[in-house]
Protein chains: 2
Amino acid sequence: MRKGDEALQALRAYLAGLSLPEGARLAPERDLAAKLGLSRRALREGLARLELEGRLWRGVGQGTFLGPRPASEPLRVMPPGRPLDIMEARLALEPQLAGLAAAKANAENLAAIEQAVRRGSETADIESWGRWDTALHRAVAEAAQNPLLLALFEQLESCRIRGEWSMMRAALVDEAARRRGVAEHRRLAEAIAARDPAAAHAAMWDHLQSVASLIRDALRAGQAWGPGAAFGSVPREQEDDRDADAAE
Amino acid sequence: MRKGDEALQALRAYLAGLSLPEGARLAPERDLAAKLGLSRRALREGLARLELEGRLWRGVGQGTFLGPRPASEPLRVMPPGRPLDIMEARLALEPQLAGLAAAKANAENLAAIEQAVRRGSETADIESWGRWDTALHRAVAEAAQNPLLLALFEQLESCRIRGEWSMMRAALVDEAARRRGVAEHRRLAEAIAARDPAAAHAAMWDHLQSVASLIRDALRAGQAWGPGAAFGSVPREQEDDRDADAAE
DNA sequence: AATAGCACCAATGCTTTATTGGTTCCAATC
DNA sequence: GATTGGAACCAATAAAGCATTGGTGCTATT
């Protein structure tokens, strides 16, 4: 460790001499070792200690940088989420989106929604219906014209996809459920097209409740998806979405 | 359009003959045109019609695919978001969180909420009040007992922090606004403690509307935060989320 | 035993190349 | 004279290649 101490001292002096701003990148280890007249091994000893102190951080393929590691990105990985937690979250978010969509959708949005409903009703394949179902919900989210809410919706969607959702859909959506889903979709699309936020909110709420019922039934039937959240018991319909005016 | 119709027909026959699964990728336009004996222009006419119908989607540099356009992977980072967009999103999400919190908060949650309200009311400093305000909203989100919704709330929070929010708060929260905020917080906490989801929902909604009003006033006063979302023009008071659940 | 030197690995970033839908332009055709 | 065919070109995307860089092990030297 004798050389390591030397290196640490040399590094401290070097950095103090340059007074680099935080976030600055140091020379690569090989170059730096040469410049300071140290062996790379000794230099790395010193760098390791400085990293321990939090004065710098190192990344393979990137380099060595002063200051704290850059937040390691706002890497917000959504937790996987149990199915009933997911449904509770969708129940909280998507009816609001539907209400806003009814108030603010433009012609393009309406066309996308209408198309998703129609194509979903035409297809016979369950799996393909699932894709159009997803497309519809996304189209509604887009129609709300709020990039933040759209991002939140996508987050939710992403953690719905990872996870046992696709398997579930195939397992518990039968032809009757699909037909009911189509009808609910149509009601939703009509409410949005009619610029009726309250009706759109209610339609989405009913639709999601219907999906949640399927899941609850499956759970009750002994599937092992874990205990779910508590949204089930009370309807709570129609809230504030009236008048999400069409300002802009 | 004569050739376009021909191409459409040829395409339909071609696709029907292959019965490709949804999501499958078609041959590049140039190759496909050669294979079908069509000019590329005519082929593109047909493809455009099919895309209008939603049977396929095309992406430059990617190709032509059957089925609905897949959702782009969710942004890792939230878009910055204009203040009024943020408020619209909070208005959509947080009242729901408050309702769930009223139904599901445990003793620890209630203590955290109560503490945030109390400490916020005690402090005189505007900046410190802001911290307790944030703490309260977060405590409510935690009380909803849904990890997914909590994650969504944090996402929203993160993009509220980056951005001109802190400056704004200092700029447009005066002593009167703070006192009103404290009162609204108290009403919210009491509704949650009383296990009254509807009241909690309404309290949060009113509180956020009050904050939104401040922002709208600031915008009207000529601040340059850009045109905001659309919830602005109508006060939208008095809602009726009767019957929220007291599930569980 | 510690160290210096060296080679190699794996992750990351950057550059280059190839593919592909979208567009424009002009001559050919009906 | 409007439509069509062919070709070239553009821009977005993806894939491949190359270089850089921290991390690691191995060997010889002191």
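Being a predicted model, the structure only gives us computed values, none of them experimental. Residue numbers start from 1 in every chain, and the chains themselves are labelled A, B, ... in the order their sequence lines are given, proteins ahead of strands.
Of the two residues contacting DNA chain D, namely B/Gly4 and B/Gly59, the nearest-nucleotide position lying further toward the 5' end is that of B/Gly4. When each of B/Arg25 and A/Gly61 is assigned the nucleotide of DNA chain C bearing its nearest heavy atom, the one mapping closer to the 5' terminus is A/Gly61.
Of the candidates C/dG5, C/dG22, D/dT4, D/dT4 carries the atom nearest the B/Arg41 side chain, counting heavy atoms from C-beta on. Taking only side-chain atoms of B/Ala42, from C-beta outward, the nucleotide of D/dG22, D/dG5, C/dT12 with the closest atom is D/dG5. Checked against C/dA4, C/dA7, C/dT20, the side chain of B/Pro28 finds its nearest nucleotide in C/dT20. In this structure, the nucleotide among D/dG22, C/dG13, D/dG6 sitting nearest to the side chain of A/Arg58 is D/dG22.
Once rounded to the nearest 0.5 Å, the distance linking CE of A/Met204 with CD of A/Gln209 reads 13.0 Å.
D/dT21 atom P lies 14 Å from atom CG of A/Leu43, rounded to whole Å. A/Arg44 has its CZ atom 14 Å from the P atom of D/dT21, to the nearest Å. Note: CG (A/Leu47) to C1' (D/dG22) measures 10 Å, nearest angstrom. Distance B/Leu56 CG to C/dG21 C1': 12 Å, rounded to the nearest Å. A/Glu6 places its CD atom 15 Å from the P atom of C/dA2, with the value rounded to the nearest Å. Note: CD (A/Gln62) to C1' (D/dT20) measures 11 Å, nearest angstrom. At whole-Å resolution of the value, CD in A/Glu29 and C1' in D/dG23 are 8 Å apart. Atom CZ in B/Arg69 sits about 13 Å away from atom C1' in D/dA12, given to the nearest Å.
More than 12 heavy atoms of other residues, nucleotides or ligands shown are found within 6.0 angstrom of CD on A/Glu122. The 12-atom threshold is not exceeded at CD of B/Glu108, counting heavy atoms of other residues, nucleotides or ligands nearer than 6.0 Å.
The shortest distance between the side-chain N/O atoms of A/Arg40 and the OP1/OP2 oxygens of C/dG5 is not below 4.0 Å. Within the 4.0 Å cut-off from OP1 or OP2 of D/dG5, at least one side-chain nitrogen or oxygen of B/Lys3 is found. For D/dT21, neither phosphate oxygen OP1 nor OP2 lies less than 4.0 angstrom from any side-chain nitrogen or oxygen of A/Thr64.
Electrostatic pairing of B/Glu51 and B/Arg69 counts as a salt bridge here, judged by a charged N lying under 4.0 Å from a carboxylate O.
For D/dG22, its base sits under 3.5 Å from the side chain of A/Arg30 at one donor and acceptor pair at least.
When the salt bridge (Lys or Arg N to Asp or Glu O under 4.0 Å) test is applied to B/Arg138, the partners found at least two apart in sequence or on another chain are B/Glu142, B/Glu154.
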